[in-house]
S.K.: 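Quick one: this structure, given as structure tokens, is what I'll be asking you about.
First listed ligand is number 1; within each ligand, the first listed atom is number 1.
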Amino acid sequence: MNWFSQKLEKTRRILNTPIEDLFTGRAALDEDLMERLEETLIASDVGVPTTMHLMEGLEGLVESRKITDAKALKSALASRMKETLAPCAAGAFKPSASPHVIMVVGVNGVGKTTTIGKLAALFRKQGFDPLLVAADTFRAAAVEQLDIWADRAGVDIVKHIGTSDPAAVVFDGLEAARARKRGLVLIDTAGRLHTKVNLMEELKKVRRTASKKIPGAPHDTWLVLDASTGQNAISQAKLFHEAVGLTGLILTKLDGTAKGGVVLAICHELGLPLRFVGLGEQVDDLKEFDPDSFVDALF
Ligand SMILES: Nc1nc2c(ncn2[C@@H]2O[C@H](COP(=O)(O)OP(=O)(O)O)[C@@H](O)[C@H]2O)c(=O)[nH]1
Ligand SMILES: [Mg+2]
């Protein structure tokens with residue numbers, strides 16, 4: 001089993017075991033079996049609308065391929081999943097400006113700061129020289145945490161000591177990016193304020209500050225979602241998309257959760273590019289999202 005499959009072990013198990021069991025004691029695919037497959041998908045956090053979508057295409061495949069065993073059924077399901085995920089593949093990241101500013105948003109604890117650390121290391125390996133901006137000024141610990149990641153990734157960070165205005169840090173961060181001729185800026189933001197309205201207003205203010213300093217910035221706004229929250233991730237994404245306009249998604253904590261099926265729901269229901277998946281707490285535990293290798297790792 002490869003690294004990716006191992007990381008997805010829990011979701012693999014919750015999907016594969018019931019599908020294999022479907023055929024125990026019977027020789028062919030019947031309606032009852034298809035219904036149980038549907039239930040398995042829904043139970044794996046694929047969600048009702050996306051399960052219906054997968055099943056629709058699957059029925060045709062079952063007929064045309066004359067499927068009568070679990071192996072063939074899994075392979076047909078895998079084809080359907082790849083088709084469903086294909087529109088969400090973002091491909092390799094390419095900056096569209098210099099500096100290209102990426103604002104990273106999401107609720108508290110989903111993995112924003114960790115992901116920025118991993119992204120900084122990855123982008124550095126790819127030859128960019130990212131600058132980190134510590135605009136989660138809500139907690140002092142958040143700045144320290146980003147500082148540690150900056151060290152680990154070997155990149156610069158712009159932070160304020162003892163201020164509570166994220167827009168001011170962003171202003172200074174973009175100023176520094178220009179002065180130091182950096183091609184890429186990653187902005188870490190807060191995920192928790194007293195109310196959702198406050199949080200969204202703060203993020204909008206950060207956006208306005210960025211665009212005043214650098215026209216067109218932020219060029220990307222990526223939402224980080226925690227896979228272990230399952231279907232809840234969908235409603236979070238809708239909320240953030242309405243408020244700040246997202247250009248991409250990052251799904252973290254796919255390791256250690258059985259709710260990996262949510263990837264399909266996220267892609268099918270939101271239609272936003274899924275850029276990266278997080279598969280652990282270490283610097284290398286981040287993978288560009290690729291539907292084919294993801295589905296292959298699942299089965
Ligand atoms: N297992 C796992 N843990 C993660 C992943 N990404 C982040 N975490 C952990 O989730 C916790 C919250 O992460 P943090 O980056 O502080 O979240 P933030 O509040 O959104 O900035 C930390 O303990 C991280 O180590 C991931 O992909 N897999
Ligand atoms: Mg954070």
S.K.: For ligand 1, which atoms sit closer than 4.0 Å to a heavy atom of L279?
M.R.: 27 (O)

S.K.: If the contact criterion is a heavy-atom separation under 4.0 Å, does G256 count as touching ligand 1?
M.R.: no

S.K.: Could you walk me through whether I187 and V170 pass the side-chain contact (heavy atoms from CB on, under 4.5 Å) check?
M.R.: CA-CA 7 Å; I187 302 175; V170 168; 3.9 Å; yes

S.K.: Is there side-chain contact between F23 and T68, with at least one heavy-atom pair below 4.5 Å?
M.R.: no

S.K.: Would T115 count as a polar contact of ligand 1, with the cut-off being nitrogen or oxygen pairs under 3.5 Å?
M.R.: no

S.K.: Think K287 forms a cation-pi with F4, using NZ or CZ under 6.0 Å from the six-ring centre and within 45 degrees of its axis?
M.R.: yes

S.K.: For ligand 1, which atoms sit closer than 4.0 Å to a heavy atom of K112?
M.R.: 15 (O), 17 (O), 18 (P), 19 (O), 20 (O), 21 (O)

S.K.: Check V224 against ligand 1 and report side chain, backbone, both or neither, counting heavy atoms closer than 4.0 Å.
M.R.: neither

S.K.: With a 4.5 Å cut-off on side-chain heavy atoms, are K238 and E269 touching?
M.R.: yes

S.K.: Within 2.8 Å of the Mg ion (ligand 2), is there any N, O or S atom belonging to T113?
M.R.: yes

S.K.: When you measure from the heavy atoms of G191 to every atom of ligand 1, does any distance fall below 4.0 Å?
M.R.: no

S.K.: Quick one: which ligand 1 atoms are inside 4.0 Å of a heavy atom on N108?
M.R.: 19 (O)

S.K.: Has Q145 got any heavy atom lying under 4.0 angstrom from an atom of ligand 1?
M.R.: yes

S.K.: Do you know which of I102, L132, V101 makes side chain to side chain contact (heavy atoms under 4.5 Å, CB included) with L184?
M.R.: I102

S.K.: Using a strict cut-off of less than 4.0 Å between a Lys/Arg side-chain nitrogen and an Asp/Glu carboxylate oxygen, indicate whether K112 and D188 qualify as a salt bridge.
M.R.: no

S.K.: Please compare K287, K118, E281 and report which has the shortest non-hydrogen distance to atom 9 (C) of ligand 1.
M.R.: E281

S.K.: Polar-atom distance check: T114 versus ligand 1, any N or O pair below 3.5 Å?
M.R.: yes

S.K.: When you measure from atom 17 (O) of ligand 1 to each heavy atom in A141, S228, G117, G111, which option holds the nearest one?
M.R.: G111

S.K.: Counting the benzene-type ring for Trp, do F123 and F93 have ring centres under 6.0 Å apart?
M.R.: yes

S.K.: So, do F294 and L274 sit near enough that their side-chain heavy atoms are less than 4.5 Å apart?
M.R.: no

S.K.: Any heavy-atom pair between the side chains of L251 and V224 that's under 4.5 Å?
M.R.: no

S.K.: Is the shortest N/O to N/O distance between T252 and ligand 1 below 3.5 Å?
M.R.: no

S.K.: Would you say that more than 12 heavy atoms from the other residues, nucleotides or ligands in this model lie under 6.0 Å from the NZ of K74, or not?
M.R.: yes

S.K.: Check whether any heavy atom of V110 sits under 4.0 Å from an atom of ligand 1.
M.R.: yes

S.K.: Counting only nitrogen or oxygen atoms and a 3.5 angstrom limit, does L254 reach ligand 1?
M.R.: no

